[in-house]
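Worksheet for the structure shown next.
Just so you know, these numbers use all the heavy atoms, side chains as well, and skip hydrogens, waters and symmetry mates.
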Amino acid sequence: MMKLFNSKTVDIVFAVLLGYFAWNRYADGHTGVAILLVVIALLNIVAFMAKLNIEKKVNRNK
């Protein structure tokens, strides 16, 4: 049984929260901070994809 808050779930939740804060900063006129938050959110999504790829390889080798 999977845990509710494994590292992949946290990556997605953190990316969504960063996206929300980026939108909020963009709406307030802080474009630079918004771009920084979007980049960090995209890096979290890349980490999520890498973890999925590693998990597929590990499961394939079992």
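For the pair Gly19 and Ala41, the tightest heavy-atom approach, listed with the atom from each and the gap, is N-CB, 4.4 Å. The two residues Ala22 and Ala34 have their closest heavy-atom pair at O-CB, 3.4 Å.
Other residues sharing a hydrophobic cluster with Ile54 under the 4.5 Å side-chain heavy-atom criterion for ILVMFWY residues are Val58.
Taken from CD1 in Ile12 to CG in Asn44, the straight-line distance is 8.5 Å, to the nearest 0.5 Å. Between Met49 atom CE and Asp11 atom CG the span is 12.0 Å, to the nearest 0.5 Å. For the atom pair Leu17 CG and Ile40 CD1, the distance stands at 13.0 Å (nearest 0.5 Å).
Note: the hydrophobic cluster containing Leu52 does not contain Val10 (ILVMFWY, side chain heavy atoms under 4.5 Å, direct or indirect links). Clustering ILVMFWY residues whenever any of their side-chain heavy atoms sit less than 4.5 angstrom apart, transitively, puts Val33 in a cluster other than the one holding Val39.
Counting only heavy atoms from C-beta outward, the side chains of Leu18 and Phe14 approach each other to under 4.5 Å.
The residues Asp28 and Arg25 are annotated as salt-bridged, a charged nitrogen and a carboxylate oxygen being separated by less than 4.0 angstrom.
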